[in-house]
Amino acid sequence: MDAPCLRVPHPGPRTRQYLERVRRTESAAGLTFGLSAETVVMERASGAAIEDVDGNVFLDFTAGFGSLNAGHCHPKVVEAVQAQAARGHQAMSLGADVRLRLMEKVLSLIPGPSEKRIVLGASGSEAAEAAVKMARRATGRSDVVAFEGAFHGRTQGALALMGRKGQRAGLPSFQTGIHHVPYPYPYRSPFGRDEAACLEGTLRYIDEFLKNPASGWGEVAAIIIEPVQGNGGMIPAPLGFLRGLRGICDRHGVLLIVDEVMSGFCRTGKMFSYLHEEGVEPDILVLGKSISGGLPLSACVAKKEISEACGPGTESSTYAGNLVACASGLASIEVYEEEGLADRAAEMGGYFVRRLGELAERHAVVGEVRGRGLMVAAELVSDRASREPLPAAKAASAAALERGFLLYPGGHYGNVLAFLPPLIIGEGHVDKAVEVLDEVLLAVPGMK
Ligand code: PLP
């Protein structure tokens, strides 16, 4: 499918009918309208293209919010899913070869030296919660440090780690002992605008709070971090930060939980994004999304001694390790490796950031362009000098949809155009995206 290719103006007549029905049916709490009030209604999809019910074809730079690193409906994945669906779907509390092979494969991707154990889940939120529970059991401590802007899921436990007000509004506090600290975000760091000052200041702050008996923190079990903050606006932690954090954790007996739900499986140019730094071994790794290439599956991978602190059956759920999802995962990981998608992500990410840099020269609202592999973003500001955020990402996303292009509106202030294309894209896809964005940046009110 050639994308974008609009046969009728979006939203077309069938889409409008659907939208009327869905507004009468689905709670507004759902995510159907995450990109725009006039969302795309998918008929079928392939690679980086989505055809809607009106025959319009959209170029997809969201890839299921990072769950489709091999693209929509990769033939190998489809074949594996179809074959497994005919053989068996569910094996709760039973063994199954496909699940074991998936678990062995995932563990084989994670370098040592420590021995690890894996527990499967059905969503990233579930795996993030399992990680925190395991860390608390293993250390006998209660507190957890998370970062401003963090996103680890919407379930009650994971929500406590969330940095965003939107999803927390109207709810009482869920767990005590969760402390948020500044994310190493050089563009908006309280510790200074250059990477080194941001990195050192953030580490010093965390170290000081862990050390100081009067900091207000209790005994800290773990620090949980996204190596590239995704929902927060595709913010790569400066290289060296994770190594510094690892050292702090070691000094204070705190476990390091690395959440790679969005950044994992080749997305940033390595199998996992923490591997951009030498000598960082997480105590617990949280995986989801592209672990399965589009079916519900997640994993919490813990050092063996941490996992042994958890009794039988204390984690998992009915659909954890669903066999069709495991088959999809095995096939997807094979595709990532066979098609060299980590290298492709690095190469295309570099090209995309360069092309966005050209856009930034023409559009003063683009304050910063950044990325690691194909976690890429353009941050919007109303004034480059003061870096005042311009919260126009959702409006830009709607304007992009009208032009046949899906982007991910995000950022701490709703001011980041974020991009998570499938890793199979080529330069032609990026060029089309940049062409649309060039128009979008002129079309949105408030942009000059
Ligand atoms: N962790 C990270 C880093 C995420 O980006 C997300 C979802 O976007 C989650 C956890 C939660 O995953 P799920 O939506 O599958 O529960």
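Counting starts at 1 for both ligands and their atoms, in listed order.
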Parallel, tilted or perpendicular: ring planes of Phe265 versus Phe272, cut at 30 and 60 degrees: perpendicular
His10 and Phe58 aromatic ring geometry - parallel, tilted or perpendicular at 30°/60° bounds: perpendicular
Ligand-side contact atoms (ligand 1) for residue partner Glu226, heavy atom cut-off under 4.0 Å: 3 (C)
Ligand 1 versus Lys289: contacting region, heavy-atom distance under 4.0 Å: side chain
Test item: Ser125 side-chain N/O and Ala158 main-chain N/O as donor-acceptor pair under 3.5 Å: no
N or O pair under 3.5 Å between Ser125 and ligand 1: yes
Protein contact to atom 2 (C) of ligand 1 [nearest heavy atom, distance to 0.1 Å]: Phe151 O, 3.2 Å
Protein heavy-atom partner closest to atom 13 (P) of ligand 1 - residue, atom, separation in Å: Gly124 N, 3.4 Å
Protein heavy-atom partner closest to atom 5 (O) of ligand 1 - residue, atom, separation in Å: Met262 CE, 3.6 Å
Enumerated ligand 1 atoms positioned under 4.0 Å from heavy atoms of Asp259: 1 (N), 2 (C), 3 (C), 10 (C)
Phe352-Phe61 aromatic ring centre distance below 6.0 Å: yes
Short N-O contact, Arg137 and Glu315, less than 4.0 angstrom: yes
Distance flag, aromatic centroids of Tyr185 and His412, threshold under 6.0 Å: yes
Where ligand 1 meets Ser123 - atom numbers and elements under 4.0 angstrom, heavy-atom basis: 15 (O), 16 (O)
